[in-house]
Structures are given as C-alpha cells and as structure tokens.
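Have a look at the structure below before the remarks.
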2 protein chains.
Amino acid sequence: MLHLVIADSELELVPEKIRDHPSVVNYARKRGKKPDEVLLDSTYHHSALKLLEDGERRGRPDIIHLCLINALESILNKEGKLRVYVHTRNDEVIYIKPETRLPRNYNRFVGLMESLFKNKAVPRDLELLKMRKGTLSELLEEIGPDGIFIMHENGNLLTPKEFGEKLVNYASPAVIVGGFPHGDFLSEVKGERISIYKEPLMAWSVVNEVLINYEGSLLW
Amino acid sequence: MLHLVIADSELELVPEKIRDHPSVVNYARKRGKKPDEVLLDSTYHHSALKLLEDGERRGRPDIIHLCLINALESILNKEGKLRVYVHTRNDEVIYIKPETRLPRNYNRFVGLMESLFKNKAVPRDLELLKMRKGTLSELLEEIGPDGIFIMHENGNLLTPKEFGEKLVNYASPAVIVGGFPHGDFLSEVKGERISIYKEPLMAWSVVNEVLINYEGSLLW
C-alpha cells in the first residue's frame, strides 16, 4: 500500500486580507457566492495575489485537481494499493476514499472543494472527502509509514524505474509530492529526498511517474 | 519516437442543431461569445445534448485537456521522444508542437481551443497548435509509423509493462487512444488492438501508462 501525500498544497479559501479586492468581489458575485466562500485561484485573482505573502505561488486548485484525478483513476488505485491525502499550506488535511469519483470538470471540482471547506465532509452522508486540521508531521504520524520519501528537485537522483523498485521494499511507504507550482516545501519533514529527473517536473507528472513505476514493480 | 494520437475526440464547436437551445444561448452570453463560437461541453449543455446523435458521449474537452496536459508535461516529451496529435469526431486533426505549454486552467484551455477552431492556428505567429481537416487514416498515413496500436477494452491483454517493452521494438510506433468517455471508436483503423487492464480505464490513465512504460523501456 502506497500513501501519496500532496503536501503544502496551494488550496485555500480567499484570505481575509483580499476579500474586498475587486477581482475577488466580482468573481464571487458572478458565481453567486460570498467572497469568503470561494477558493483562491491565481487565474482569476492574479492582481489581488500580489498583495499576499507568497502570492506568486498561491491559489492553485488546478494542480490539486490534476494530481487527484490522475491518482484516483490509476490502475494502482483500482487495485486497492493506494491511499491519497491532500495537506494544505494552512495545515488542513483532506482524506479521500479510494472509491471517490472526482468531477472531471475543473469548475465542478472547485465547487466541491468550496463545499468541503464549508462543511468539512462531502457528500455529508458518504464522507468520500473529509477535511480536518492537521500538520504534515501529524498526518505522517497517523499513517505510520515504514519509509518516507520526499520528491524534491535537489534529492538523490534515481530513475523513476529505480525509485519504483526501491519503493516495493517497503510494506507501507509514504511519498510526499509538493502541491505547489515552484519553490520549496513550507513544512519541515524528515525523510529521504528523491529526485526522478534532471529538471523540475510538474506535480502531476511526478505523481504519474511514482504511481506507475511503483505499480510496475509491485504488480507486473 | 512515439506518436500518440487521441482519436475520435469529443471536441467540437456547438453543432448548428442546438445553437438556439437555452442552455447554449445562456452559456455563450455569459462568456461574451456567440453560440457558434463556443465548445460543446457536456457539463453545461447536458439537456441540449439529448437532442444530438451520440449525445451521451459528446462534448468532452475535459478529457482532451487531461490527456494533453499529462502527455506534454511527461518526461518522454521533455526527452524529445513524443509527438502528440488530436483527431476529432468531425475529422479535424490538431498538431501540437512538443514545446507547447498548455494552460493548466481548464477554462483557459477551452478558450484556446475555441480560438483554434476559429483561426486554425494559435498563437498565429508561433503556430504551437495547428488544425487541419483530416481523417484518422490520413493522419496515420502522414505519420508513417512502423507499428500501429489501438488501445481498446477488447484488445490483446498485456500488462502495461509488457506493452512498453513491445513498443520499443519499433522505431516510430503510433499509439491510438480514444478521446471519448465510453463506447467504441467511430473511425475504422487497421492496427493491433491492445488492452492494458482487465477493466476500462479513463483515456488519460491509458495515456499515462503507455507513455511512462514506454519511457521506462526506452530510457532507463
């Protein structure tokens, strides 16, 4: 069983500081929501983001959508060998049941995440997605993996295939992928830093490489 | 060099027959466009789609977006070993330069595709994406692959790894993945039908498995 953690994800509601910014007010009104109910999204809140600390990397629900839709529809997940978690920059953790069929449409995914921030579980009865406060360290303690690997540009360079072969030596490894567009992790975590390519890769490309090479070593 | 063809893709402008349907008219007006300038999208035109032949599978730019964003950001593409083409249900072919950085945001991707249908090339100077009329057979003739593989639920069952190993025996294979949610290909093509899993997979999951297992056999 592989535990995939999308960590320090740039997924949050619009912070209080910019809730009266015109780009936010207009966006919320168009969607029939209040400014404190909508996700921060760099595509639409670009000018407001400049007023925030780390503004150049924040507001990226698209990255989380791409990582999750690839992970949940993977063969590894269909084989019951994957658990997926999203940890956010504000230390929330989203638990996702493996049978969850996420919306393929981005706008519907954004609506689902907004509902999750509001209600802490969606749908309320099935709780396919649940959100709790928690740091990355607390999440890892709860998972209790027998190996922790942090995907990092400056990590030990292995080919994706070698990393897949390495992972199957662990019964329950955790692999941490940054849910942000560039820069470094905000959270401090102990684990082996791994790089699978000589150049930076997008988060969802790392997710695909890790899951498919692990699957290749584990199953075939 | 692997040639990836997303075939019979459910990517089209709103067909004439439903351009005066309220769901289409409202959607176009909200986006400041004319009904004949917007992509058909099942998320927004669900009720109008019922009036169209094959309506239950049409209007899926989300599938094309997911396939392309995974393919273009893959290690295989960064290594210069991949060419990607989109063939549509209406026999258009989209040629995509490998260095293209597609919009991560779905709504921006939709806008880009609409511009491509209108202008046949975007951006007009660089022509990163070009569109021409052409059938799947014509595209394959043009590519001239030394092997043609059609990813199909009822194909010869190989593990993804075995298929990757098979593909590297060809200098320039073409792999055809259906750009539709379910059902069968509309185009007739000769080639070996391959299945990589005992259950149906989403198109982007097939793309990921094929590219990463080919990469694994070719490069590492």
Side-chain angles (χ1 to χ4, degrees), chain A residues 30-31 41-44 59-63 65-67 69-79 101-111 158-165 181 196-220, chain B residues 30-31 41-44 59-63 65-67 69-79 101-111 158-165 181 196-220:
Chain A
K30 266 190 200 166
R31 297 192 46 228
D41 194 322
S42 67
T43 298
Y44 309 106
R60 296 302 301 271
D62 56 316
I63 294 178
H65 185 226
L66 290 166
C67 289
I69 205 109
N70 282 321
L72 291 169
E73 296 296 329
S74 67
I75 289 179
L76 193 67
N77 191 47
K78 286 172 187 282
E79 291 284 323
R101 205 168 161 276
L102 273 196
R104 283 76 171 98
N105 179 279
Y106 175 67
N107 302 307
R108 284 201 176 159
F109 171 76
V110 167
L158 296 177
T159 69
K161 201 187 241 182
E162 287 168 344
F163 184 47
E165 287 160 1
I196 52 168
Y197 194 55
K198 62 193 177 195
E199 294 171 25
L201 295 170
M202 300 307 299
W204 60 89
S205 298
V206 177
V207 166
N208 291 335
E209 288 283 352
V210 170
L211 300 193
I212 289 173
N213 281 287
Y214 176 73
E215 170 211 320
S217 291
L218 187 75
L219 301 176
W220 318 125
Chain B
K30 266 191 200 165
R31 297 191 47 228
D41 194 322
S42 68
T43 297
Y44 309 107
R60 296 300 304 269
D62 56 316
I63 293 177
H65 185 225
L66 290 167
C67 288
I69 205 112
N70 282 321
L72 291 169
E73 296 295 330
S74 67
I75 289 179
L76 193 68
N77 191 46
K78 286 171 187 282
E79 291 285 322
R101 206 169 161 276
L102 272 197
R104 282 77 172 97
N105 179 280
Y106 175 68
N107 302 306
R108 284 201 177 159
F109 172 76
V110 168
L158 296 177
T159 69
K161 201 187 241 181
E162 286 168 344
F163 184 48
E165 286 160 2
I196 52 168
Y197 193 55
K198 61 192 177 198
E199 294 170 26
L201 295 170
M202 300 307 300
W204 61 90
S205 298
V206 177
V207 166
N208 292 334
E209 288 282 352
V210 170
L211 300 193
I212 289 173
N213 281 288
Y214 176 73
E215 170 211 320
S217 291
L218 188 75
L219 301 176
W220 317 125

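Letters A, B, ... mirror the listed sequences (proteins, then strands); counts begin at 1. The analysis underlying the following values was restricted to heavy atoms, covering all of them including side chains, and did not include hydrogens, waters or symmetry mates.
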Chain B contacts, top residue of A:Leu66, A:Asn107, A:Ile196 (heavy-atom pairs, under 4.5 Å) = A:Asn107

Check against side-chain contact (heavy atoms from CB on, under 4.5 Å), A:Arg104 and B:Ile63 = CA-CA 8 Å; A:Arg104 283 76 171 98; B:Ile63 293 177; 5.9 Å; no

request  = Kindly write out the residues that satisfy salt bridge (Lys or Arg N to Asp or Glu O under 4.0 Å) with A:Arg31, not counting sequence neighbours, or none if the list is empty.
outcome  = A:Glu114

task = With a 4.5 angstrom heavy-atom cut-off, could you sort out which part of B:Pro181 is near chain A: side chain, backbone, both or neither?
result = neither

message = Show the nearest heavy-atom pair for residues A:Trp204 and B:Ile69, with the distance to one decimal.
response = NE1-O, 3.4 Å

query = Where is the tightest heavy-atom contact between A:Tyr197 and B:Glu79, given as atom of each residue plus distance?
reply = OH-OE2, 2.6 Å

key: salt bridge (Lys or Arg N to Asp or Glu O under 4.0 Å) against A:Asp41, all qualifying residues, sequence neighbours excluded   = none

message = Pair B:Arg108, A:Tyr106 - check side-chain contact (heavy atoms from CB on, under 4.5 Å), show working.
response = CA-CA 11 Å; B:Arg108 284 201 177 159; A:Tyr106 175 67; over 6 Å; no

request  = Quick one: which of B:Glu215, B:Glu209, B:Met202 has the most heavy-atom pairs under 4.5 Å with chain A, could you say?
outcome  = B:Glu209

inquiry  = side-chain contact (heavy atoms from CB on, under 4.5 Å), that's the test. Do B:Lys78 and A:Leu201 meet it? Break it down for me.
reply    = CA-CA 10 Å; B:Lys78 286 171 187 282; A:Leu201 295 170; 3.7 Å; yes

query = Does any heavy atom of chain B fall under 4.5 Å from the side chain of A:Leu219, the backbone, both, or neither of them?
reply = neither

Region of A:Glu162 in contact with chain B, defined by heavy-atom distances below 4.5 Å = neither

ask   = Where do A:Ser205 and B:Glu73 come nearest, in terms of heavy atoms and distance?
value = OG-O, 2.8 Å

inquiry  = Does any backbone or side-chain atom of A:Phe109 lie under 4.5 Å from a heavy atom of chain B? Answer side chain, backbone, both or neither.
reply    = neither

Separation of B:Ile212 CD1 from A:Lys161 NZ (nearest 0.5 Å) = 13.0 Å

query = Of the listed residues (B:Asp62, B:Leu211, B:Ile75, B:Val206), which shares the most heavy-atom pairs with chain A below a 4.5 Å separation?
reply = B:Ile75

